[in-house]
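Remarks on the structure that follows.
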There are 2 protein chains.
Amino acid sequence: MKIFEIYDGDVTSPKGFLASGIHAGLKKSRKDIAIITSEVMGVGAAVFTTNKACAAPIIVSKTNIESGKLQGIVVNSGNANACTGIKGLEDSHKMLKMASESLNIPKENLLVASTGVIGVPLPIDIVLKGIKTASQKLSYEGGRAATEAIMTTDIAIKNIAVSVNINEKKVVIGGIAKGSGMIHPNMATMLAFITTDINIDGEFLNDALKIINQQTYNMITVDGDTSTNDMVAVIANGLAENAVMNWQHPEVNKFLEAFYYVNEYLAKSIVRDGEGATKFIEVEAINCNSIEDARQTIKSILTSNLVKTAFFGEDGNWGRILCSIGYAGVDLTMDKIAITLKSDGGTIKIVEAGQGTNYSEEDMSVLLKHQDIKVIVDFNQGKESAKGWGCDLSYEYVKINGAYRT
Amino acid sequence: MKIFEIYDGDVTSPKGFLASGIHAGLKKSRKDIAIITSEVMGVGAAVFTTNKACAAPIIVSKTNIESGKLQGIVVNSGNANACTGIKGLEDSHKMLKMASESLNIPKENLLVASTGVIGVPLPIDIVLKGIKTASQKLSYEGGRAATEAIMTTDIAIKNIAVSVNINEKKVVIGGIAKGSGMIHPNMATMLAFITTDINIDGEFLNDALKIINQQTYNMITVDGDTSTNDMVAVIANGLAENAVMNWQHPEVNKFLEAFYYVNEYLAKSIVRDGEGATKFIEVEAINCNSIEDARQTIKSILTSNLVKTAFFGEDGNWGRILCSIGYAGVDLTMDKIAITLKSDGGTIKIVEAGQGTNYSEEDMSVLLKHQDIKVIVDFNQGKESAKGWGCDLSYEYVKINGAYRT
């Protein structure tokens with residue numbers, strides 16, 4: 001039995017959240033400014049890119065989240081405001097100032113995010129005017145418009161909401177994301193924004209986000225490149241009126257499960273929409289000595305161009321998978337490794353005790369024709385496990401990212 | 001002034017070396033067994049793949065090189081003898097035994113290498129018969145045949161020789177390599193074999209190879225995957241009759257320079273022949289805090305699919321380069337970074353103080369039309385530097401490695 005309900009909702013699904021998305025002029029015709037706010041001051045938590053070349057909005061938002069109080073997020077797409085020096089920082093501050101005035105929220109309680117072209121100064125007048133307009137268009141149904149406004153080359157809309165009962169109160173968690181599209185001349189950004197009406201302890205929320213971030217957003221890869229602008233942020237406004245959620249709350253696991261679900265769903269939806277991806281690949285490493293070993297192995301498999309092209313080619317190439325495990329830099333005994341492939345087309349153990357098995361090529365071909373493929377790597381050594389998600393490497397990926405020559 | 005002469009030579013260019021390459025039947029019609037030997041017992045050194053999934057010949061050769069005495073190398077292509085369990089180890093031992101008997105060299109003083117398909121047992125009878133035949137065909141002009149016999153999907157022959165005067169004696173160093181071709185259903189292997197008639201201390205040779213390996217073979221990348229079968233081996237037979245070369249020899253730097261040249265040349269030739277590569281990219285990181293920082297940054301740039309596809313697209317995408325520097329995991333100040341691109345088409349500084357410069361798109365397009373591109377990353381922080389080599393990521397790469405579907 002699911003302990004939570006899943007909806008086609010978004011950041012305006014929880015009680016007391018408003019959002020808007022409008023076209024200001026950073027992109028040709030699509031929406032490019034989004035605002036998400038809560039009626040009342042909430043607690044907040046966020047995680048940011050670890051890339052040293054981080055963008056101005058990341059630097060500014062990192063400072064703002066320190067207070068733990070959060071009431072809104074302002075986002076522009078079409079320009080990442082990255083590698084833009086002092087002017088970039090000034091522009092992020094201007095965005096916050098304008099949002100603060102228009103929304104009547106202290107600017108310390110707002111976050112700012114940008115995604116798009118790198119190294120080009122923000123057309124700040126257009127952005128400021130856009131923020132003003134967007135703040136006038138806020139509504140309780142604005143989640144969808146905000147989702148559209150944070151997209152760059154994304155093909156699919158990425159949104160989700162779940163509800164869970166805590167202290168017999170209905171608690172809703174909604175989330176939206178954008179991911180891994182590249183825009184000339186630059187790079188991918190992953191953004192995810194989550195709102196919830198749960199009444200929650202700020203430090204606990206921060207802990208929960210950090211842990212779940214390691215299990216979800218940090219375990220996805222489209223091309224192994226970490227963007228300058230990645231950000232995941234949560235606002236919780238408490239309007240569900242449950243007893244304050246923390247590690248001691250009797251229903252803490254129920255909340256964590258629902259919160260995990262939203263984040264895993266958004267993370268996976270980013271991979272599914274990966275550039276040029278034709279296959280969605282889940283790798284699970286089981287019976288490892290440590291979670292770190294499991295995660296490192298999963299990343300090694302999912303970032304291997306040889307593994308990725310093999311899946312694109314619908315080739316059950318266990319040699320490449322085994323090879324990428326071998327150079328993962330993890331302590332393991334190769335002779336113990338077993339590998340199983342799974343899809344709606346079947347289940348085949350392809351490696352047993354470090355060696356290939358005699359499987360039927362015909363069965364393998366049926367298995368690999370499906371879009372969703374699962375790889376289970378059994379270390380047969382310890383008790384820890386982890387999961388990660390990636391995609392294949394296709395002609396289309398090269399075309400999207402390298403076709404300026406044509 | 002060059003202190004050494006460069007020849008179109010190979011492993012039989014130095015005095016007292018014989019080689020052969022024949023077709024035994026592992027490949028359809030091309031040569032697939034190679035033998036390289038010295039008339040007299042020499043000293044030897046070798047470095048091997050760090051992949052935990054290492055092949056049987058690697059395990060066997062690692063033990064044999066420990067004595068430091070080396071007189072020959074036997075190689076098969078067409079089958080990697082990797083992930084083949086106990087039978088694989090037995091087969092490598094059988095290859096050594098047959099080579100030992102046919103060549104009249106103790107098997108402890110021979111190395112064995114294999115490259116080709118993974119996970120398929122060696123057709124050992126064909127291989128043993130081939131070794132016998134190849135040992136009867138050894139000649140002082142056999143280097144070229146041996147070079148051909150170690151190739152898999154390589155397009156270009158990779159060979160070089162240099163001569164250098166040491167104690168007024170002519171010392172020759174010759175080398176051959178194969179690299180980074182993939183064969184269905186499996187993976188790349190890099191092999192390099194170097195012969196020299198220098199009289200040299202075994203431990204010194206071992207030190208020199210380990211150091212130079214870090215600077216050359218370890219600094220190339222085609223797709224970031226480390227093979228199960230990689231091996232670089234050197235035999236030095238002393239027939240040049242110079243005073244024994246070691247760290248104290250007055251002409252030690254002359255030797256090291258020549259030895260470095262051969263290895264860098266072979267390493268670069270492997271990248272040039274990388275699968276589907278249309279661009280050869282050299283990255284130099286200068287003024288870094290440590291050599292390790294420099295190398296890690298170079299690898300981060302050269303393995304970034306976004307950087308690779310940008311070069312394929314002839315797009316001077318400094319944002320992607322800066323981004324890949326940012327997640328290299330190296331201590332650096334982004335505001336100090338400068339990046340310059342160079343080719344026969346010009347020199348353009350694209351990043352200054354961590355921000356893009358105003359270069360002419362037209363000049364950039366001329367620069368990037370050339371096949372050989374150099375990227376200089378100036379950290380402006382320390383005194384250390386390093387170089388590395390890679391290639392672009394093209395449609396052809398995806399086709400070679402993932403086109404089984406079509």
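The shown structure was predicted, so the numbers you read here are calculated from the model rather than taken from an experiment. Quick note on labels: first sequence line is chain A, next is B, and so on, each numbered from 1.
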Discussion item. When you compare the side chain of Ile118(B) with that of Trp318(A), does any pair of heavy atoms fall below 4.5 Å?
Written reply: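 Yes, their side chains come closer than 4.5 Å.
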
Worksheet item: Is there side-chain contact between Phe312(A) and Val398(B), with heavy atoms separated by less than 4.5 Å?
Response: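 Yes, at least one pair of side-chain atoms sits under 4.5 Å.
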
Below 4.5 Å from any heavy atom of chain A, which atoms of [X] appear? Answer side chain, backbone, both or neither.
{"X": "Thr333(B)", "value": "neither"}
{"X": "Ser300(B)", "value": "neither"}
{"X": "Val330(B)", "value": "backbone"}

Fill in: Interatomic distance, Cys54(B) atom SG to Tyr327(A) atom OH [nearest 0.5 angstrom]
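Output value for this atom pair is 15.5 Å.
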
Discussion item. With rounding to the nearest 0.5 angstrom, report the CG to CD1 distance, Asp335(B) to Ile86(A).
Written reply: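 Answer for the CG-CD1 pair, Asp335(B) versus Ile86(A), is 8.0 Å.
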
Item to complete: For each of Ala353(B), Gly356(B), Ser394(B), tally heavy-atom pairs with chain A at distances under 4.5 Å, and name the one with the top tally.
Response: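 It is Ser394(B).
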
Discussion item. So which residue, Ile325(A), Leu393(A), Val351(A), ends up with the most heavy-atom pairs under 4.5 Å with chain B?
Written reply: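 Highest number of heavy-atom pairs under 4.5 Å: Leu393(A).
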
Worksheet item: Which heavy atom in Cys83(B) sits nearest to a heavy atom in Leu322(A), and how many Å separate them?
Response: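 Minimum heavy-atom contact is SG-CD2, 3.4 Å.
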
Discussion item. So for Ser365(A), is it side chain, backbone, both, or neither that comes closer than 4.5 Å to the heavy atoms of chain B?
Written reply: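 Nothing of Ser365(A), per the 4.5 Å heavy-atom cut-off to chain B.
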
